[in-house]
Visitor: 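Sending over a structure as structure tokens; questions will come in a sec.
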Amino acid sequence: MGTMMIARTRDLLANSLVYATLDAGLSTLSSGESLPLDVIASRLRRHARITVLTGAGISAASGVPTFRGAEGLWKQFRAEELATPEAFARDPRLVWEWYDWRRRRIAACRPNGGHDVLAVWSRRFPSFTLITQNVDGLHERAGTRGVLRMHGSIWEVACWSGCAGSPARWTDEAVPLSEIPPHCIYCGGLIRPGVVWFGEALDPEIVAKCLEATRCDVFLTIGTSAVVYPAASLIEEARRRGAYTVEINLEPTPASAFVDVAVQGSAEQVLADIDRRLEQG
Ligand code: APR
């Protein structure tokens, strides 16, 4: 576990256990169909150890583009030209233009109701861990405690050559960037975005904390296509360790086949509905 990569395609729905279609709106569901949400709420007891893994789908309602799917960034752009160290070495200007565009776009977005529910849960539950693949910082802006960022932050930068005078990463929230490509304030060389690119190693300390967090009672995977590893393997690991696993996504993913319950619906709507059940006790 450690290098970011995309899994090969698998049979999506082969072994789904429970599959609740909620896209028509929860209010229109019969009590039988909303049962999975009652069960999920009942699992979220005060002393349950809860771990949540989020992906781009949690930020979709805020206006942050996802990577896959009809409108996904990887439909318009090629990952190998923009999100690998080789791409940066080849054309740092092009890569930075893309990151500057994304930073401007994200800066105009606000956390949505899904981020807000998870932020409240991070304070309500004594044992709660939020792992995100997102680099947008919206969980932090919503007030979520102790976010584990597997893929870094778009609001951080690092010296491309790792010069001796510079810290490993530092925050740079300039929007737009004053120059493209931007330069290292310590050595004058190039800086790079503080994100993990394809083929790069993840921070081993973060990976260790994420793995530790799979030792939990309830594991929710929300708004991720579950095809990028090692993040996707956390779902399998949590299940292997006996967690009750829940997926919330607009559409089926490879994880739908083995989680305990796969809820098809928007993260913001489903989370609000589960939270309402928690509030009602
Ligand atoms: N609610 C729930 N799910 C949603 C919503 C929504 N409102 N909108 C979209 N989704 C789902 C999509 O169905 C899709 O399965 O979110 C998922 C987004 O998948 P990806 O775009 O692949 O995002 P993610 O899984 O986070 O990607 C992983 O890939 O390119 C890399 O480093 C990048 O961190 C990223 C990684």
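Order of listing sets the numbers, starting from 1, for every ligand and every atom in it. Keep in mind that the numbers below use all heavy atoms, side chains included, and drop hydrogens, waters and symmetry copies.
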Visitor: Between atom CG of N112 and atom OG of S62, what is the distance when rounded to the nearest 0.5 Å?
Guide: 3.5 Å
Visitor: Would you mind checking if R103 and D172 are paired as a salt bridge, meaning a charged N to carboxylate O distance below 4.0 Å?
Guide: yes
Visitor: Please report the shortest heavy-atom distance between A70 and K75, naming the atom on each side.
Guide: O-CG, 3.8 Å
Visitor: Any N or O of A61 that comes nearer than 3.5 Å to an N or O of ligand 1?
Guide: no
Visitor: May I ask you to decide whether E86 forms a salt bridge with R90, counting only side-chain N to carboxylate O separations under 4.0 Å?
Guide: no
Visitor: May I ask you to list the atoms of ligand 1 that are less than 4.0 angstrom from any heavy atom of E251?
Guide: 13 (O)
Visitor: I'd like to check which ligand 1 atoms, numbered from 1 as shown, lie under 4.0 Å from a non-hydrogen atom of G55.
Guide: 26 (O)
Visitor: Less than 4.0 Å between a side-chain N and a carboxylate O, is that true for R102 and E97?
Guide: no
Visitor: Quick check on contacts: which atoms of ligand 1 are under 4.0 angstrom from a heavy atom of W74?
Guide: 30 (O)
Visitor: With respect to atom 6 (C) of ligand 1, which of G57, S59, A70 exhibits the smallest heavy-atom separation?
Guide: G57
Visitor: Which residues satisfy the salt bridge (charged side-chain N to carboxylate O under 4.0 Å, His left out) test with E80, sequence neighbours excluded?
Guide: R78
Visitor: Which bit of T224 is near ligand 1, meaning a heavy atom under 4.0 Å away: side chain, backbone, both or neither?
Guide: both
Visitor: Please determine whether a side-chain nitrogen of the Lys or Arg among D273 and R276 lies less than 4.0 Å from a carboxylate oxygen of the Asp or Glu.
Guide: yes
Visitor: Counting heavy atoms only, which of A60, G223, G265 comes nearest to atom 18 (C) of ligand 1?
Guide: G223
Visitor: Distance under 4.0 Å to a non-hydrogen atom of T66: what atoms of ligand 1 satisfy this?
Guide: 21 (O)
Visitor: For Q133, take its heavy atoms, then give the atoms of ligand 1 lying under 4.0 Å from any of them.
Guide: 28 (C), 34 (O)
Visitor: Counting heavy atoms only, which of N134, V227, N249, V196 comes nearest to atom 13 (O) of ligand 1?
Guide: N249
Visitor: If the cut-off is 4.0 Å to any non-hydrogen atom of F198, which atoms of ligand 1 fall inside it?
Guide: 30 (O), 31 (C)
Visitor: Judging by distance only, is a nitrogen or oxygen of F67 under 3.5 angstrom from one on ligand 1?
Guide: yes
Visitor: Give the atoms of ligand 1, by number and element, whose distance to some non-hydrogen atom of A267 is under 4.0 Å.
Guide: 1 (N), 2 (C), 6 (C)
Visitor: With atom 23 (O) of ligand 1 as the reference point, say which of P254, A56, S62 has the nearest heavy atom.
Guide: A56
Visitor: Does the side chain of V246 come within less than 4.5 Å of V259's, by heavy atoms?
Guide: no
Visitor: Can you figure out which of P65, S225, S266 has its heavy atom closest to atom 19 (O) of ligand 1?
Guide: S225
Visitor: Under 4.0 Å between a Lys/Arg side-chain N and an Asp/Glu carboxylate O for E200 and R192?
Guide: yes
Visitor: Can you tell me if E268 has a non-hydrogen atom under 4.0 Å from ligand 1?
Guide: yes
Visitor: Going by the side chain to side chain donor-acceptor pair (under 3.5 Å) test, which pairs reach into residues 47-56, not counting sequence neighbours?
Guide: R49-D217, T54-T132, T54-H139
